[in-house]
Structure formats: structure tokens, C-alpha cells
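None of these values were measured; they are calculated from a predicted model.
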Amino acid sequence: MIQNKKDAANSTHPVHSNNPILWQPTQEEKENSLLAQFIKSLGNDYKTDAPFDFSHFHQWTLEHPEAFWENLWHFCQVQGTLNSTQEQGKKIIQRHPSEPNKQSTWFPQSQLNFAQNLLAAAQEKPQAAAIISHGESDGSQQAMHDSQSITWHQLYQQTSQIAQFLKGAGVTKGDVVAGYLPNLPHTIIAMLATSSLGAIWTSTSPDFGAQSVIDRFGQTNPKVLFCANGYRYNGKVFDSLTNVEEILNHIPSISQCIVIDYVPSDHVLIHDTCEATYWHQLFSLYTAKEISFTPVAFNDPLYILYSSGTTGKPKCIVHSVGGILLNHLKEHQLHCNIKPDDTVFYFTTCGWMMWNWLVSVLASKATIVLYEGNPAYPDISRLWNIAESDNVTLFGCSAKYIEQLEKQEYQPAQHHALSSLRTLCSTGSVLSPSSFEFTYQSIKSDLQLASISGGTDICGCFAIGNPFSPVRTSECQGKALAMDVQIYDQQGQHTINHRGELVCCNSFPNQPVGFWRDENGEKYHKAYWATYPDIWHHGDYVRETPEGGMVFYGRSDAILNPGGVRIGTAEIYRQVNPIEGIADSIVVGQEWNNDVRVVLFVQLQPNHKLSDVLKQTIKNTIRIHCSPRHVPAVIAEVKQIPRTMSGKLTEIAVREVIHGREINNVGAIANPDALNEYKNRAELQ
């Protein structure tokens with residue numbers, strides 16, 4: 001039996017968080033926020049005698065979801081038909097009688113086009129910059145596409161030309177178009193052209209090997225493939241066309257391949273069954289004209305995203321046009337306060353959902369900044385040079401990147417004028433307490449640090465920043481609006497200030513449409529809905545503070561369980577990674593004597609050794625700051641820590657390797673050879 005939320009909330013717990021406040025908005029900042037403007041726009045829909053705070057408004061969004069989402073549509077000026085039919089009256093949500101959350105349908109009578117909404121600013125400010133793009137640079141002119149700016153007018157025109165090509169290639173509503181591409185403006189243009197026709201976009205980054213791409217695109221059968229001839233990373237040029245040839249050999253559905261000349265190369269793509277065209281050729285074949293945007297239903301497919309695939313073939317997660325657009329507008333405008341004169345940067349690749357999140361910023365009529373390559377090439381200052389030169393207002397990166405700044409003792413505040421920067425978003429993994437403090441000491445003291453968490457599964461956030469709540473060490477500021485996020489204990493009861501499973505107890509528009517080719521929905525149900533009846537189970541191990549903050553401890557499936565005590569892996573990383581001499585670490589549970597013991601692998605910084613003294617320092621630090629249960633039974637040195645393409649630790653893969661079990665999809669790992677040194681370790685026998 002699931003305990004009533006209000007009853008559970010009133011159970012005994014401390015009255016305040018122990019984590020210190022690092023930042024809080026001024027009254028003027030609150031009043032000038034888009035969230036405050038949105039609340040005012042609600043008028044009589046939002047009536048309350050209580051003093052306003054974020055948690056109170058969040059509760060209102062849970063109690064009035066139809067009013068919230070409909071008013072958001074109007075506030076964000078979504079282009080489309082809110083109700084295309086008047087059958088049975090206006091509907092915002094249609095609930096299934098037996099599974100009102102899982103099988104609900106949002107805006108069932110509404111139509112819109114994704115590209116039309118992202119290109120809306122082309123009419124209002126045609127000569128302003130829509131996209132600023134950067135590549136690796138050492139000050140020379142080696143990179144062919146090092147830095148460029150594309151205006152809204154140019155973005156619209158080029159989207160028109162590529163859309164005409166796709167239409168001529170037979171792409172229509174519901175077809176799949178794929179991108180095996182670097183993070184370039186071309187990628188965004190290809191996506192916009194695809195969605196303008198009502199077709200479906202799917203992408204991976206060029207650092208994926210051929211088999212990893214085949215494992216993904218081979219399931220979704222794209223009709224057209226966009227690719228680059230290569231890419232740059234860490235000052236080196238890598239060829240992509242050899243992989244493309246192998247991909248074309250294994251995916252016969254691809255009838256057209258468009259190649260972008262991104263790097264100098266003599267390699268020319270020639271294929272027997274697939275016609276190859278070069279990007280620059282298309283602009284001489286088609287003249288830009290007004291785009292005829294294909295209207296589609298709110299819940300029609302827009303994107304196919306892929307799970308990491310470390311435990312098997314990647315899941316093909318289908319996201320809807322309206323769900324993605326409306327949720328991203330909510331996150332960008334109400335949570336991140338992104339306005340039309342803002343400039344937004346997020347370090348990402350086209351194989352990570354943060355690319356989709358970043359691109360949607362165009363719907364808020366703001367400028368987006370792209371970066372392709374190693375974020376620390378030629379040195380760690382690279383992204384901060386961009387933040388300064390482009391007057392970035394929101395800077396997004398991974399938690400690991402902030403940790404690297406800290407390790408290298410690089411203090412952006414000492415080297416860069418960051419007067420425009422208001423918000424720093426961190427995601428990808430748990431942000432450590434020391435990284436919170438480093439951000440305010442070494443990046444900017446007057447800054448909203450938004451540690452955000454969600455995933456590819458919803459292409460959005462369950463926990464995210466907001467312009468009203470304070471920032472506390474180690475905490476995400478709070479829950480996303482209109483998402484009934486709760487933490488369940490092992491009995492399936494809502495709990496506050498205790499660790500448990502992150503769940504979402506209501507329906508939301510950006511729930512996936514389902515999995516591609518999962519006809520009976522069995523895989524989709526098993527992934528999210530099988531644990532608790534009609535409740536989304538996300539798989540994160542989390543604690544909610546009494547004040548509404550969220551503290552993350554890692555993935556549930558990677559939880560350590562020595563002596564039956566559940567331990568989040570992030571608890572150990574928070575203590576180990578800041579220790580001098582440690583470059584990175586990964587911790588797993590090893591089955592041992594009918595129990596589980598904690599095994600810690602550490603990657604050392606140059607000129608450091610895993611001495612007995614360092615081992616004892618690690619153990620003492622963990623024992624003092626965590627508990628004796630957290631102390632590793634084994635500490636071993638490795639040269640590399642395996643991570644996924646998006647930089648996440650592959651704890652499950654390492655756990656399987658040390659037990660001699662097969663890894664189903666090593667292609668999902670960015671550095672799969674690293675797993676070899678975890679096999680048959682003498683320390684683990």
C-alpha cells in the first residue's frame with residue numbers, strides 16, 4: 001500500500017536542511033523572472049492567500065495540470081492549433097480509465113510543427129545571430145569551420161533548401177532521417193528541415209564506432225543519412241567515411257547520404273546502392289523560399305533517442321513533437337529564465353539528449369552557442385574564452401568538467417570577464433559538494449548553479465533549478481513544475497529526508513510515445529512502469545530534503561549493498577575524487593562470501609602512486625565522512641576509467657567484467673579497451 005503523500009510528508013524529519021546556502025535570488029531578480037511573469041499571467045486561474053514560494057506554486061501545478069499546461073502554451077506563444085476539433089469539447093488531457101498516468105494523452109485535438117516554432121524569430125529579428133558555432137582552435141586557421149555565426153534569416157533559408165532536397169528524396173511525415181554528425185549548425189539545419197516535413201530525426205555523434213551506429217540506426221531504418229567526412233578531437237583529425245561505408249552496407253533502408261566537408265580529406269564517399277551528395281552541392285540545386293510546415297498531431301513522433309546500451313542493444317525511445325516543445329519551453333523559460341536576448345551554451349555532442357535540449361532554446365528566440373571538439377583543447381580555458389567572447393548568459397557542462405577545473409586549479413574568475421553569466425547548469429552525473437563550493441569561489445560568486453537531473457528517457461528534467469529557491473551545497477534546487485516527483489522507500493512509501501527511489505506519480509506531456517518497434521509496449525512498460533502500478537520509476541537513488549531540495553546518490557541499479565545496507569556510489573566519489581593524487585575513480589560491488597564487498601578502482605594523477613599511505617587516506621576519509629560500511633575492501637589502480645559516450649561512468653559494465661560475465665554492448669562505451677584491465681584482477685580473487 002502506497003502511503004498518502006501528505007501523511008508521509010508529516011512524518012518525523014528534521015525541520016531544515018543541513019546544507020549551507022551558497023546563493024539566493026534578490027527580490028528584484030524574482031520579480032523580473034519569466035516565472036513571476038507567468039504566474040501573473042494566470043490571473044484568476046491561480047488564486048491563493050498564502051505568501052508565494054516555489055514549493056507552493058509547484059503544488060498548484062500538480063493540482064491544476066490542465067490549467068498549467070494550457071496557460072504555458074499561450075504564455076510561450078506556441079505556434080499551432082490548440083484544439084483542431086471541437087468534438088466532445090476542448091480537451092487538454094485524455095486519461096485512460098485503468099492507467100491514467102501511463103496511458104494519458106496530452107492535447108489530443110492539437111496540431112503544430114516543431115521547426116515552425118524553432119524558426120519563429122526569423123520573422124522578428126532576421127539579422128540577429130541564431131547560432132554561434134566554434135570548433136577546436138589553437139589560434140591558427142586549420143579548422144575549416146572553426147567559428148561562424150548564422151543569422152535567423154540564414155537559418156530559415158538553409159532549412160528551406162535542405163527541406164526541399166528531403167522532399168525530393170521522398171521524405172514524408174513519419175519517415176526517419178538520421179545524422180551521424182559533429183555538433184555543427186548543419187546538424188541543426190538538417191533536423192529542422194526534417195521536422196518541417198513532419199518526419200522523425202535521430203542522431204549520434206561521430207565518435208561512435210560503426211557497430212554502435214548500426215545497433216541504433218539499424219533498428220530505426222532511416223531513409224536518409226547526414227554525415228560529415230570526419231571530425232576533430234584533441235587537435236587530431238579522424239576520418240568518418242570508412243564507418244559510413246560500413247553503416248550503409250548494413251542498413252539498406254538508407255537511399256540517400258549527404259556528406260558535409262568538415263575536415264580536409266581526400267576520402268570520397270562512393271557506394272553501390274546509396275546515392276551520395278555533398279552538402280554544398282544542395283545549395284546550388286534549390287533556391288530558398290517560404291517553408292510549408294507540415295502540421296502534425298501533438299503526440300506524433302519528433303525524435304528517436306537511444307539509451308546508453310551498456311546492458312544490451314540500446315532502447316529506441318520515441319519522443320513527441322508537442323511533448324518535447326512544451327516541456328523544453330517550461331524548463332528554459334520558467335526554470336532557467338531564458339529570454340530572447342540571452343545567449344545559451346551547453347557542451348554536448350549530438351549523441352546526448354542535451355543537444356536536443358539546447359536546440360530547443362531557439363523556440364525561446366535566444367541565441368545558442370555550439371562547440372565541437374575537446375572542451376580542454378588546446379587548454380582548459382577554451383570554453384571560458386567562448387563564454388566571455390559570446391557574452392554567454394547560461395553555461396552548461398557536465399559535473400565531471402567542473403571537477404576537472406577544480407583538479408587543474410583553473411579559476412575562470414581570475415582570467416575572464418563573465419559579467420553576462422547568470423546561470424551555470426551541471427548534469428550528466430552527481431555534482432560533488434566541493435564542486436559546488438569551487439563554482440562560487442572560482443567561477444562566479446553571484447551565479448545560479450543549477451544541478452539538473454532527468455535523462456534521455458524523458459528528454460528533460462525531474463529535478464532542475466528555478467529563479468526563486470536558494471542554492472544549497474550538494475542539492476538540486478527542486479522538482480520540475482507539474483512533475484509529481486517523490487522518493488519511495490523500500491516499502492513503496494513516500495519518504496522525506498531518507499534515501500530511496502525517484503518516481504513520478506502523475507502524467508506529463510514529455511512521457512515517451514513508447515519504444516520504436518515495441519508493438520505491444522512490453523519493453524516500455526518493463527523499463528518504467530512495472531515496479532509501481534501506474535507510477536513512473538526512474539531508477540535514481542535520491543533523497544528529498546524537508547525544504548524541497550534533491551540530493552542524488554547515483555543510479556539504483558549500481559547501488560552497493562554490503563551487509564544489506566544500500567549505499568549510493570556518488571557518496572564515495574564525493575570523498576575520493578577530491579583527494580590529492582586521484583584523477584578519477586569508479587566503485588562497484590563484488591559478490592563475496594555470500595555477501596557484497598565494496599571495490600574501488602582509482603586512476604591516479606601523473607607522478608602519483610597508489611601507496612599504502614594513499615590507500616589509508618582514502619579509507620580514513622570515507623570512514624569519517626560516510627561510515628565504516630562505505631570503506632572499500634579492495635582499492636586497486638587502473639589506467640583508465642570506462643565511460644559512456646556522454647561521459648557517464650559505466651559501473652554496471654565494470655561490475656559484470658570483474659565477475660567474468662559478458663558485456664552485451666561494449667560499443668556504447670567511449671573507451672571499451674579500458675575494460676580489459678578490470679578482468680582477472682589478482683586483488684579480487
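Shown here are the side chain to side chain contact (heavy atoms under 4.5 Å, CB included) partners of Thr277, two or more places apart in sequence or in another chain: Gln256, Glu275, Gln281, Leu282. Applying the side-chain hydrogen bond (donor to acceptor under 3.5 Å, both in side chains) rule to Thr273 yields the partners His271; only residues at least two apart in sequence or on another chain are considered. The ring pair (Phe, Tyr, Trp, His ring centres under 6.0 Å) search around Phe552 returns none, not counting sequence neighbours. Residues satisfying the side chain to side chain contact (heavy atoms under 4.5 Å, CB included) criterion with Ser585, sequence neighbours excluded, are Tyr573, Val576, Asn577, Leu600, Val602. Shown here are the ring pair (Phe, Tyr, Trp, His ring centres under 6.0 Å) partners of Tyr346, two or more places apart in sequence or in another chain: Trp357. Partners of Lys523 by side chain to side chain contact (heavy atoms under 4.5 Å, CB included), not counting sequence neighbours, listed by chain and number: Phe515, Asp518. Taking the side-chain hydrogen bond (donor to acceptor under 3.5 Å, both in side chains) definition, one finds that Asp175 meets it with Thr172, Lys223, sequence neighbours left out. Residues passing the ring pair (Phe, Tyr, Trp, His ring centres under 6.0 Å) test with Phe601, sequence neighbours excluded: Tyr678. Residues forming a side-chain hydrogen bond (donor to acceptor under 3.5 Å, both in side chains) with Ser451 (at least two apart in sequence, or on another chain): none. Remark: Tyr553 engages no residue in a ring pair (Phe, Tyr, Trp, His ring centres under 6.0 Å) (not counting sequence neighbours).
Taking the six-membered ring wherever Trp is involved, the centroid distance between the rings of Phe462 and His538 falls below 6.0 Å.
Pairs passing the salt bridge (charged side-chain N to carboxylate O under 4.0 Å, His left out) check and including a residue from residues 652-666, sequence neighbours excluded, read Glu591-Arg661, Glu656-Arg661. Pairs of residues two or more places apart, or lying in two chains, that qualify as salt bridge (charged side-chain N to carboxylate O under 4.0 Å, His left out) and include a residue from residues 671-685 are Arg681-Glu683.
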Evaluation steps, side chain to side chain donor-acceptor pair (under 3.5 Å), between Tyr233 and Asp207:
CA-CA 9 Å; Tyr233 195 83; Asp207 52 352; over 6 Å; no

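Between Leu560 and Thr569, the closest side-chain pair of non-hydrogen atoms falls below 4.5 Å. With contacts defined as side-chain heavy-atom distances shorter than 4.5 Å, the pair Glu372/Tyr262 qualifies.
Contact check on Arg643 versus Asp584 returns a salt bridge, with a Lys/Arg side-chain nitrogen under 4.0 Å from an Asp/Glu carboxylate oxygen.
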